[in-house]
Peer 1: 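Please find one structure pasted underneath; my questions will follow.
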Amino acid sequence: MTDNFTYHSRKNVFYVILGIVFIVFFVRLIQLQFLYSEKYGKMSAENAIRNVAVAPLRGYMYDRNGILVVDNRPAYNVTVTPVEFENKNLELLTEILKMEKEEVLERIEKGKKYNRFSPVKIKRDVDFQTLSFVEEYSGQLKGIEYQFEPKRYYPTKAHGSHLVGYIKEITESQLQKLGDFYRQGDIIGASGLEAGYEKYLRGKKGFELITVDAEGKIIGNFNDGKSDIQPVEGDDLELTLDIKVQALAESLLSDKRGAVVAIDPTDGGIIALVSKPDFNPELLSGVTPFSVWQQLNTDPAKPLFNRATLTKYPPGSTFKMLLALAALQEGIIDENWRVNCRGSFTFGNKVFKDMHVHGSTNVVEAIQRSCNVFFYQLMLKTGLPTWTKYGKQFGFGAPTGIDILEENSGLLPSEEYYNRRYGKGRWTQGYLVSLGIGQGELGVSPLQLAAYAMALANEGKYYKPHVVDKIKEKESKKIIKVEPVMRQINLKNEVWNAVREGLYRAVNVAGGTGAAARVPGINVAGKTGTAQNPHGKDHAWFIGFAPYENPKIAICVLVENVGYGGVFAAPIAGLCIEQFLYGEIIRNKLNQPKIILTKTEAEQIRD
Ligand SMILES: [Zn+2]
């Protein structure tokens with residue numbers, strides 16, 4: 001009920017404003033007709049009909065609970081009809097619009113090439129003062145009008161900038177490629193969902209035939225508007241997104257570099273996709289001032305770069321489960337196979353480190369405590385071809401196919417890769433040891449790791465990640481459900497059970513490295529990772545899912561250059577899981593600390 005109410009009342013506000021706009025226009029038209037009909041009546045032979053495109057409302061976007069996340073608000077553009085424009089007015093126009101003469105002229109020239117009778121957008125989203133000036137000087141400024149056009153507006157606390165994407169004015173080369181629908185000055189989706197679903201969101205343009213007099217002033221609608229074509233609103237998107245989880249994850253990463261990706265393991269729907277630092281998408285809604293572009297493009301923190309889908313970092317220990325699954329499934333080891341960890345492993349003349357002396361360790365304990373020595377040895381025992389084969393099954397080294405277009409394949413090393421890179425016979429088993437703990441040349445994105453966490457939660461049901469759940473077609477009123485795409489990774493039950501038990505223990509049993517991801521009243525399972533990198537401190541990782549018994553959310557958290565995953569990434573995952581499953585942060589109510597971990601526990605975490 002509440003959601004419905006919000007939906008309708010928001011829409012009503014929009015239409016009320018739209019209504020006021022039409023009344024203003026209508027009054028002006030009548031005014032013009034009365035004032036000028038006598039004066040210009042005789043000149044009617046010189047009247048002309050002008051074809052003016054009417055921008056449709058771009059489709060709205062709603063989150064999984066019906067909350068409006070991408071809205072439209074009214075805005076005004078100042079336009080010039082090239083054939084009517086007089087150069088003597090250039091000075092006054094540039095003064096009113098606060099623009100450079102060259103820019104105004106360039107826009108008019110471009111428009112002229114297309115159609116000199118059709119109004120060209122000179123400035124978008126002008127303020128009220130500018131509008132009043134245009135109105136005040138309307139007697140003098142021949143061929144200059146203002147025009148209503150909806151603008152994107154984001155009503156929630158979340159930015160969602162890398163997920164929702166942004167829109168921009170169409171470029172010359174796009175115009176040539178995309179053909180009939182678009183005209184110079186039109187808006188087009190440039191990234192994220194805005195780009196991926198452009199053909200649904202854009203709607204259909206309307207056209208008004210307007211009669212103008214010899215002075216270029218509007219006399220009225222041709223044929224009483226009967227020949228006009230009404231615009232059709234763009235289709236709405238119902239997303240799998242939970243905007244509250246998105247907003248929380250954004251705030252938890254607010255002063256950091258990193259990413260959070262949360263997926264619904266029952267269908268692959270994206271619950272949250274955060275990349276930080278980000279930007280306010282409203283800044284890029286239409287024509288972006290050069291200074292804003294320059295600032296976003298030269299910022300060393302790269303706010304435009306989507307860390308959730310485009311990074312390819314080593315995943316560290318979060319990759320250990322993959323090796324465990326491969327070795328167990330292939331019968332290379334069983335659950336009773338043990339390694340005696342003495343805190344390091346020597347292979348050839350190289351010493352590979354561990355964080356603790358773990359003693360006698362089996363596969364479940366090795367996941368729980370994140371024992372490196374166990375996995376160094378297991379990697380050598382399993383071998384590269386098997387490891388690569390399972391890596392491929394879990395989607396590494398390839399795009400996931402998510403519906404926001406921008407993503408990286410990452411890098412899953414194989415024998416061919418090493419042969420190509422170093423030459424056949426020029427690389428040794430020593431190259432493989434660190435792959436066992438998710439280091440070396442392996443590169444993954446947070447999205448790929450979240451999808452892998454989903455498959456672990458699901459015992460092999462690997463859904464293609466997607467953000468759009470339903471498309472509500474405006475013209476046909478049909479609702480198109482986006483059917484989940486799933487493939488099954490077939491492993492023996494006892495193999496899944498062993499690995500999932502390791503993940504449960506990592507969070508819930510003493511000595512586990514993921515204790516900071518605990519959530520009151522819910523069993524969380526997961527794995528920490530701490531990835532070395534050449535650019536400063538280690539990257540912190542955590543992947544997990546909850547509830548353990550019946551998973552409803554799988555998650556991956558990356559925080560760059562901070563240290564241990566168990567200290568910096570796991571608490572963020574816990575809070576996001578809590579927000580999703582309870583709809584709020586319940587530990588505040590229960591008077592529990594923000595991070596459910598004692599200082600001593602935290603000090604013992606070394607992964
Ligand atoms: Zn160990």
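Throughout, numbering of the chain's residues begins at 1 and tracks the sequence. Just the heavy atoms: all of them, side chains too, but no hydrogens, waters or symmetry mates, feed the values below. Atoms within a ligand are numbered from 1 in the order they appear, just like the ligands themselves.
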Peer 1: For Glu441, which residues count as a side-chain hydrogen bond (donor to acceptor under 3.5 Å, both in side chains) partner, sequence neighbours excluded?
Peer 2: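 For Glu441, the residues satisfying side-chain hydrogen bond (donor to acceptor under 3.5 Å, both in side chains) (neighbours in sequence not counted) are Tyr418, Arg421, Tyr422.
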Peer 1: Once side-chain hydrogen bond (donor to acceptor under 3.5 Å, both in side chains) is applied, do any residues pair with Trp293, and if so which ones, sequence neighbours excluded?
Peer 2: none
Peer 1: Could you list the donor-acceptor pairs under 3.5 angstrom formed between side-chain atoms of residues 483-490 and any protein atom two or more places apart in sequence or on another chain?
Peer 2:
| unit_1 | atom_1 | unit_2 | atom_2 | d |
| --- | --- | --- | --- | --- |
| Arg487 | NH1 | Gln393 | O | 2.8 |
| Arg487 | NH2 | Gln393 | O | 3.0 |
| Gln488 | NE2 | Glu459 | O | 2.9 |

Peer 1: Just do the side-chain hydrogen bond (donor to acceptor under 3.5 Å, both in side chains) check on Ser360 and Asn340 with the steps written out, would you?
Peer 2: CA-CA 4 Å; Ser360 171; Asn340 190 13; 5.8 Å; no
Peer 1: Does His162 have its ring centroid less than 6.0 Å away from the ring centroid of Phe279?
Peer 2: yes
Peer 1: Using the ring centroid of each side chain, check whether Phe568 and Trp541 are separated by less than 6.0 Å.
Peer 2: no
Peer 1: Close to the Zn ion (ligand 1), meaning under 2.8 Å, how many protein N, O or S atoms are there?
Peer 2: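 Under the 2.8 Å cut-off, the count stands at 4.
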